[in-house]
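Okay, structure first, notes after.
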Amino acid sequence: MVWEVRLMEAPVYEESYLYRLRHSAAHLMAQALTELYPGIKLAIGPPIENGFYYDVDSSVPIREEDLTKIEVKMKELAKLDQRIVRIVAEDRDAARTKILEETTLGQGPEVAEYKLQLLEAVPDGQEISFYDQQRTDRAGVLHRFIDLCRGPHVDTTKEVKHFKLMSIAGAYWRGDVKNKQLTRIYGTAFETQEELETHLHNLEEARKRDHRILGRELGLFMFSPRVGPGLPLWLPKGATLRDTMVGFLKDEQLKRGYEPVVTPQIASIRLYEKSGHVITYKDKMFPFMEDEEKETYILKPMNCPFHIEIYQSQMRSYRDLPVRYAEFGTVHRYEQSGEVTGILRARGFTQDDAHLFVRPDQLLEEFIGVVDLMKTVLNRLGLKDFKARLGTKDPASDKYIGHDDNWTAATSAIEQACQKMGVDYFVSVGDAAFYGPKLDLIIKDALGRDWQMGTVQVDYNLPERFELEYIGEDSKPHRPIMIHRAPFGSLERMIGLLTEQYAGAFPFWLAPVQIAILPISDRHVDAAKELYLKLRDTHKLRVQVDERRETLGKKIREAQLQKVPYMLVLGDRDIEMGTVGVRSREDGDLGAMTLEAFIEKITPSR
RNA sequence: GCCGAAGUAGCUCAGGGGUAGAGCAGCUGUUUUGUAAACAGCGGGUCGCGGGUUCGAAUCCUGUCUUCGGCUCCA
């Protein structure tokens, strides 16, 4: 079993030359912007994973076409060989004076608006530093560009040579929607031109792994404007892939004592009033529906309330617990228009959902069981590059509900389960659900963006709201705890991520078409069809015959581009000898072998 | 939702006020093929959609929809 966690390399990166270089590139850009857009207000400009950005507040809109102009100005300023000098302010007051008098470059105090706010946020006792880009011109005049900054930087602007401005975006000041939206300019910088070019090339390559492109090329799913944004249509191959994944997980869940349930797509608003979702979740729901009798219905955004109704439909004894209800439940959420992203973020999607109703003394054991299931799932899917995140309560926030004792017990159960199962996780304070702590799996997509996949959440809230009970050994009613869990997270997101991870070349057991039979000419088609039926019916494999009158080369090429794991070439020689010409997606021509030998060969990968 | 950008044939893209183009795919015919693209011919587009400017709009302006990169939010 593999449960490998790649730790972030952030500490190393932050001490690196590259980090300083990018930081200085950000400052250089700020200097260029200040010259090109007088009156522009600088906010923050840090190095990031693949480059840097600077947030600015400009009265003139900055467009993508302006980037070249800014780049040219940056190159000009870089060549001036400005020394980058660190200056430490004596105290906060001195720093404030410095910001107002020296960083504003005579443009008026208002350009320092954000810098002054940043200064206030510096904790007492922490050193307040500035970085000054300075040079003396031929006339002996000293030119400076001073910016409040923690640093560190490179020694001179001359070192900033290999960079490119990438894009423009809006970004809220301090990441808060209530604040003004600033203009963020993203750039990337490297130590050498080769590294820069490699990075740009890698971005191009990553685009080819994009699940939205592969999804179309491989015939997995599509979108139609007549259906609506974020509402995927699953094509035969994509639906086959889904069925395979669902079948695998259903088998696993059966082994682990889950029971299937099925629930409707809509429900009376009363169900969601009871669950509290109408208040906390209303703006993420599709508009409500009203029938002729004035009953309001909601398109379901989550499955839990339905499973709770089933739990409550009968008296539960402590002996009945844990109860584990599983459903591949399709839900609809009205995601904001700008956040819909292919099938990674859709408005309609199917969760591999289950709810476990457990006694407090069963919490740890059940949690371990779920973590074990998740490990099994990740192994089977072949996902190795992920992180496990324990989301805990932020003590400073008041958005959480429930008793502290419960939070402590639940958090401890998760930690113990992870330790027992050998799961490395990192703690993220404030990433708990409002009703309890959770463990999430985070995976990166082709473009390096983090996505939350599988999740396990402990919930004391819904049992409370629905007044769930079981009769204990003492003949008295007790309250069960709920565990929400989804090992995939959603089929859509998981398939999207798998597509990118494998660049469409799914492992044999998952591949929508596992084998392509390629008859060489018309006279081999009958034998091909015979072989097809044998593989499909006797060996339960997913097979296609390419009976078009095309050359073998063309058929191979297309099967290869469709990422079919095995191709079986069938010609005169094979029919005569009773063999098939086997070609593998990865290793090319494997030569002729008997069907039995081929079946034996592929058996381990099924 | 907000900021920035893009929508031309099924796909990838060119054209940029004066009769819509290429390659691939598709169709028809010829070829009967042994490990990544046979050959020839043909068809195919209200240039996302609405409004405006103009003698004339795919092209300019405007609105809108969808998509893409971010922000915020999330499985």
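Lettering follows sequence order; numbering is per chain, from 1.
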Inset, instruction - Name the pairing partner of C49(B), where a pair is Watson-Crick or G-U wobble with both distances under 3.5 Å, or state none. - result: G63(B)
Inset, instruction - Assign R549(A) to base, sugar-phosphate, or nothing according to its heavy-atom contacts below 4.0 angstrom with the strands shown. - result: base
Inset, instruction - Tell me which nucleotide among U33(B), G1(B), C71(B) gets nearest to the side chain of Q336(A). - result: G1(B)
Inset, instruction - Give a yes or no on whether the ring-centroid distance for F306(A) and Y325(A) is below 6.0 angstrom. - result: no
Inset, instruction - Determine the contact category for A346(A): base if any of its heavy atoms lies under 4.0 Å from a base atom, sugar-phosphate if only primed atoms, P, OP1 or OP2 are that close, otherwise nothing. - result: base
Return the polar atom pairs (N/O with N/O) between nucleotides 5-9 of chain B and the protein under 3.5 Å, or none.
none

Inset, instruction - Looking at every strand, decide which applies to E492(A) at a 4.0 Å heavy-atom threshold: base, sugar-phosphate, or nothing. - result: nothing
Legend entry - Pair E558(A) + R548(A), salt bridge at N-O below 4.0 Å: yes
Inset, instruction - Verify the ring-centre separation between F598(A) and Y566(A): is it less than 6.0 angstrom? - result: yes
Inset, instruction - Counting heavy atoms from C-beta on, name the nucleotide in A36(B), G34(B), G69(B) closest to the side chain of Q560(A). - result: A36(B)
Inset, instruction - Answer with yes or no whether R493(A) presents, from its side chain, a donor or acceptor under 3.5 Å of a partner atom in the base of C74(B). - result: yes
Legend entry - Side chain D572(A) and base G34(B) donor-acceptor under 3.5 Å: no
Legend entry - Residue whose nearest RNA chain B nucleotide is more 5′ - V582(A) or Y281(A): V582(A)
Legend entry - Per E335(A) side chain, nearest of listed nucleotides U72(B), A75(B), G69(B): A75(B)
Legend entry - Which nucleotide in U72(B), C11(B), G69(B) has an atom nearest any side-chain atom of R216(A): C11(B)
Inset, instruction - Consider the side chain of D522(A), meaning its heavy atoms from C-beta on, and name the nucleotide among U32(B), U35(B), G4(B) that approaches it most closely. - result: U32(B)
Inset, instruction - Can you establish whether the number of heavy atoms outside E64(A) located under 6.0 Å from its atom CD is more than 12? - result: yes
Legend entry - Spacing of the P atoms in U54(B) and G48(B) (rounded, Å): 23 Å
Legend entry - A75(B) OP1/OP2 closer than 4.0 Å to side-chain N/O of Q452(A): yes
Inset, instruction - Working to the nearest 0.5 Å, report the span between CD1 of I62(A) and OH of Y37(A). - result: 5.0 Å
Legend entry - C1'-based separation of G70(B) from C13(B) [nearest Å]: 26 Å
Inset, instruction - Would you indicate what V177(A) reaches in the nucleic acid, counting non-hydrogen atoms under 4.0 angstrom: base, sugar-phosphate, or nothing? - result: sugar-phosphate
Inset, instruction - Output the single nucleotide from C71(B), G4(B), U33(B) whose closest atom is nearest the side chain of I168(A). - result: G4(B)
Inset, instruction - With heavy atoms under 4.0 Å as the rule, sort G228(A) into base, sugar-phosphate or nothing. - result: nothing
Inset, instruction - Report which part of the nucleic acid L561(A) touches: base, sugar-phosphate, or nothing (heavy-atom distance under 4.0 Å, all strands). - result: base
Inset, instruction - For T341(A) and R449(A), test the side chains for any donor-to-acceptor distance below 3.5 angstrom and give the result as yes or no. - result: no
Inset, instruction - Scan R449(A) against the nucleic acid and name what it touches under 4.0 Å (heavy atoms): base, sugar-phosphate only, or nothing. - result: sugar-phosphate
Legend entry - Is_stacked (F349(A), A75(B)) at 5.5 Å, 30 deg: yes
Inset, instruction - Could you check R548(A) against G230(A) and say which one's nearest nucleotide on RNA chain B is further toward the 5' end? - result: R548(A)
Inset, instruction - Using the C1' atoms only, state how far U8(B) lies from G44(B), rounded to an integer number of Å. - result: 14 Å
Legend entry - Interatomic spacing from CG in L390(A) to CG in L439(A) - rounded to 0.5 Å: 6.5 Å
Legend entry - Per S490(A) side chain, nearest of listed nucleotides A75(B), G34(B), G69(B): A75(B)
Inset, instruction - Give a yes/no answer on whether the side chain of T455(A) brings an N or O atom under 4.0 Å of OP1 or OP2 in A75(B). - result: no
Legend entry - Heavy-atom neighbours of R207(A) CZ exceed 12 at 6.0 Å: no
Inset, instruction - Using a 4.0 Å heavy-atom cut-off across all strands, classify G588(A) as base, sugar-phosphate, or nothing. - result: nothing
Legend entry - Base-pairing mate for C11(B) - Watson-Crick or G-U, with both contacts under 3.5 Å: G23(B)
Inset, instruction - Return no unless some side-chain N or O of R212(A) is found under 4.0 Å from OP1 or OP2 of C68(B). - result: yes
Inset, instruction - Compare the minimum distances between each of G1(B), U32(B), G26(B) and the side chain of R523(A), then state the nucleotide with the smallest one. - result: U32(B)
Legend entry - Spacing of the P atoms in C61(B) and A6(B) (rounded, Å): 11 Å
Inset, instruction - Using a 4.0 Å heavy-atom cut-off across all strands, classify A171(A) as base, sugar-phosphate, or nothing. - result: sugar-phosphate
Legend entry - Inter-nucleotide C1' distance (U46(B), G51(B)), Å rounded: 16 Å
Inset, instruction - Please check the phosphate of C73(B) (OP1 and OP2 only) for any side-chain N or O of Y172(A) closer than 4.0 Å. - result: no
Legend entry - S167(A) side chain near G4(B) phosphate (N/O to OP1/OP2, under 4.0 Å): no
Legend entry - Interatomic spacing from NE2 in H211(A) to CD1 in I495(A) - rounded to 0.5 Å: 10.5 Å
Legend entry - K554(A), nearest nucleotide to its side chain (from G69(B), A37(B), G34(B)): A37(B)
Inset, instruction - Report which part of the nucleic acid D574(A) touches: base, sugar-phosphate, or nothing (heavy-atom distance under 4.0 Å, all strands). - result: base
Inset, instruction - Please say whether the positively charged group of R184(A), taken as NZ for Lys or CZ for Arg, lies over the ring of Y53(A), i.e. under 6.0 angstrom from the six-membered ring centre and within 45 degrees of the axis. - result: yes
Inset, instruction - Could you work out the separation of G43(B) and G10(B) based on their C1' atoms and round it to a whole Å? - result: 14 Å
Legend entry - Sugar-phosphate only, base, or nothing, as touched by V340(A) at under 4.0 Å among non-hydrogen atoms: sugar-phosphate
Inset, instruction - Using both distances under 3.5 Å as the test, list the Watson-Crick or G-U wobble partner of G69(B), or none. - result: C3(B)
Inset, instruction - Provide the distance between the two C1' atoms, one in C11(B) and one in G4(B), to the nearest whole Å. - result: 27 Å
Legend entry - Polar side chain donor-acceptor pair, Q253(A) to R324(A), under 3.5 angstrom: no
Inset, instruction - Using a heavy-atom cut-off of under 4.0 Å over every strand shown, decide if R184(A) touches base, sugar-phosphate, or nothing. - result: sugar-phosphate
Legend entry - Side chains of T263(A) and E327(A), donor plus acceptor under 3.5 Å: yes
Legend entry - Closest to the D589(A) side chain, choosing from G69(B), U35(B), A75(B): U35(B)
Inset, instruction - Indicate, with a heavy-atom threshold strictly under 4.0 Å, whether P229(A) touches base, sugar-phosphate, or nothing. - result: sugar-phosphate
Inset, instruction - Indicate, with a heavy-atom threshold strictly under 4.0 Å, whether T551(A) touches base, sugar-phosphate, or nothing. - result: base
Legend entry - Spacing of the C1' atoms in C73(B) and G15(B) (rounded, Å): 41 Å
